[in-house]
Amino acid sequence: MIITIDGPAGSGKSTIAREVAKRLGMRYLDTGAMYRTATLLALEAGLVPDRIREAAALAAAAPIRFVERPDDLTRVFVGEREVTDEIRGRLVSQHVSAVSADQGVRAVFTERQRAEAALGDVVLEGRDTGTVVFPNADLKVYLVASIEERARRRQLQLEAQGVSQSLDQLIADIAARDAYDSGRELAPLRKADDAMEIDTTGMSIAEVIETVCAWAAAGQPRKWTLSRMVRSPLDTPLYRFAFSFVPTLWRLLFRMQIQGREYFPLSGPVVLASNHRSNLDPFFLGVSTPRQIHFMAKAELWKVSALGWFIDRLGSFPINRGEADRRAVKRALEVLGAGAVLGIFPEGHRQRQGGFGEIHPGVALFSLRQGVVTIPVVMEGTERIMRGRMIRFPRVRVAFGPPLRLPDQDVTRSERALVTSTRLTDAFQDLAGTAGDRE
Ligand code: DC
């Protein structure tokens, strides 16, 4: 198995990659250390900045070795000479981008990384390991974090080595390196289309490791194609019939943009927790997923002539708001028990003007069930469809987010409910598009 972990400087790659490798009993390869070592050798040979093209030959000849120590950073050697500390110094950090942009140097290390993987399971960490070195890796992870957080992490790392540097200086250094690494022509820092992104800002190391290991065990979730339909025993014939032609038309009509498809699981019980702005929301969700969604909808809808009959046959069921509706809860649990998708609108009421409403802690009732995955989803644009009597066709965006990370059993029920609704509130905020995205 090959796992690639890419991302900008300070996003947490080294720590995560090393720990994941340890946990899964795989080897770990720090590709940045290779480029750093080549940079050190090139600097010593006086090849920087004018003769970088000669660095490839140096890199090819350098017997770079990694020695893993259980509780320590990986030690790096060139032959018998240890360079572990030197390659992390300021001088190397300043010039590593230039040296690693050289085609010859990249070719040497790309080859060496592939040779490493031929020896068996490996976790690689770098900038291009999921895009260039192993486009067919079994699992690709892309880590990001805010620049302030990344600078702070680097500062702690340096402090541990007895080096002190100001935060502002580190932020400037990292920004410069980001720009250079992403802007270069050859193997630029870029998220592979099929990589799973994790924003590690504010996440604990353990949480990130947990997530990556879970993906490694389950196989990488992949984006499904829009034409895909996954059948389930709870499918209703009307839904299946409608699904055979409605989604394409509907998506075209609203120029729909569907993001984060890889997060939506193709099997197993799912709570799809969505924001709510229009009565048409369930239809927008329906055309954005390959599985039938069983919506919990307000009971009032069943009072509107044939509407109740219709949505019943699309698999929805009524809930009486403002009371503990036992029947609705029972039905929801049946849906999850059957391994199907339960659609809920935890804001309770529509936010017709846009924005988000307060999350009802009742979402925890379903989300915290064993084995249930809770996927947040945000729809934008549906609030603009119906204005008075006018019907418009605004562009609609649907964004699925990564599964919510929910508290374990060891906190009280009410605390768990609170955490669940807070996590969902945050997820909605994260998924909201930027102004530029909207139209
Ligand atoms: O991860 P790091 O900070 O040790 O990496 C040092 C530099 O090496 C980074 O600025 C870009 C370069 N690099 C690269 O170009 N390709 C890789 N696969 C890994 C690192």
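Reckoned from all heavy atoms, side chains included, excluding hydrogens, waters and symmetry mates. Just so you know, ligand 1 is whichever comes first in the structure, and atom 1 is the first atom listed for that ligand.
- In Gln94, neither the side chain nor the backbone holds a heavy atom less than 4.0 Å from any atom of ligand 1.
- Atoms of ligand 1 found under 4.0 Å from any heavy atom of Ser97 (numbered from 1 in listed order, with element): 10 (O).
- Close contacts of ligand 1 with Arg88, meaning ligand atoms under 4.0 Å from a residue heavy atom, involve 4 (O).
- At a heavy-atom cutoff of 4.0 Å, ligand 1 is contacted by both the backbone and the side chain of Arg127.
- A donor and an acceptor atom, one from each side chain of Gln259 and Arg397, are located under 3.5 Å apart.
- For the residue pair Ser146/Glu149, the side-chain donor-acceptor check at 3.5 Å is not satisfied.
- In the vicinity of Asp181, heavy-atom distances shorter than 4.0 Å reach the ligand 1 atoms 9 (C), 10 (O), 11 (C).
- Using a 4.0 Å cut-off to heavy atoms of Arg154, the atoms of ligand 1 that qualify are 3 (O).
- By the 4.5 Å heavy-atom criterion applied to side chains, Pro346 and Leu424 are counted as neighbours.
- Considering only non-hydrogen atoms, atom 20 (C) of ligand 1 lies nearest to Gly32 out of Gly32, Ala98, Pro8, Ser93.
- Within ligand 1, the atoms closer than 4.0 Å to a non-hydrogen atom of Gly126 are 18 (N), 19 (C), numbered from 1 in the order shown.
- Remark: Tyr142 pairs with no residue by the ring-ring contact (aromatic ring centres under 6.0 Å, His included) rule, at least two apart or across chains.
- Of the candidates Arg106, His95, Arg177, it is Arg177 that places a heavy atom closest to atom 10 (O) of ligand 1.
- Against a heavy-atom cut-off of under 4.0 Å, Arg184 is close to the following atoms of ligand 1: 14 (C), 15 (O), 16 (N).
- Between the side chains of Arg154 and Ser93, no donor-acceptor pair of N or O atoms lies under 3.5 Å.
- Here His360 pairs with nothing under the ring-ring contact (aromatic ring centres under 6.0 Å, His included) rule; sequence neighbours left out.
- When non-hydrogen atoms are compared, ligand 1 lies under 4.0 Å from neither the backbone nor the side chain of Met34.
- Using modelled atom types and a 3.5 Å distance limit, the side chains of Thr236 and Gln292 yield a donor-acceptor pair.
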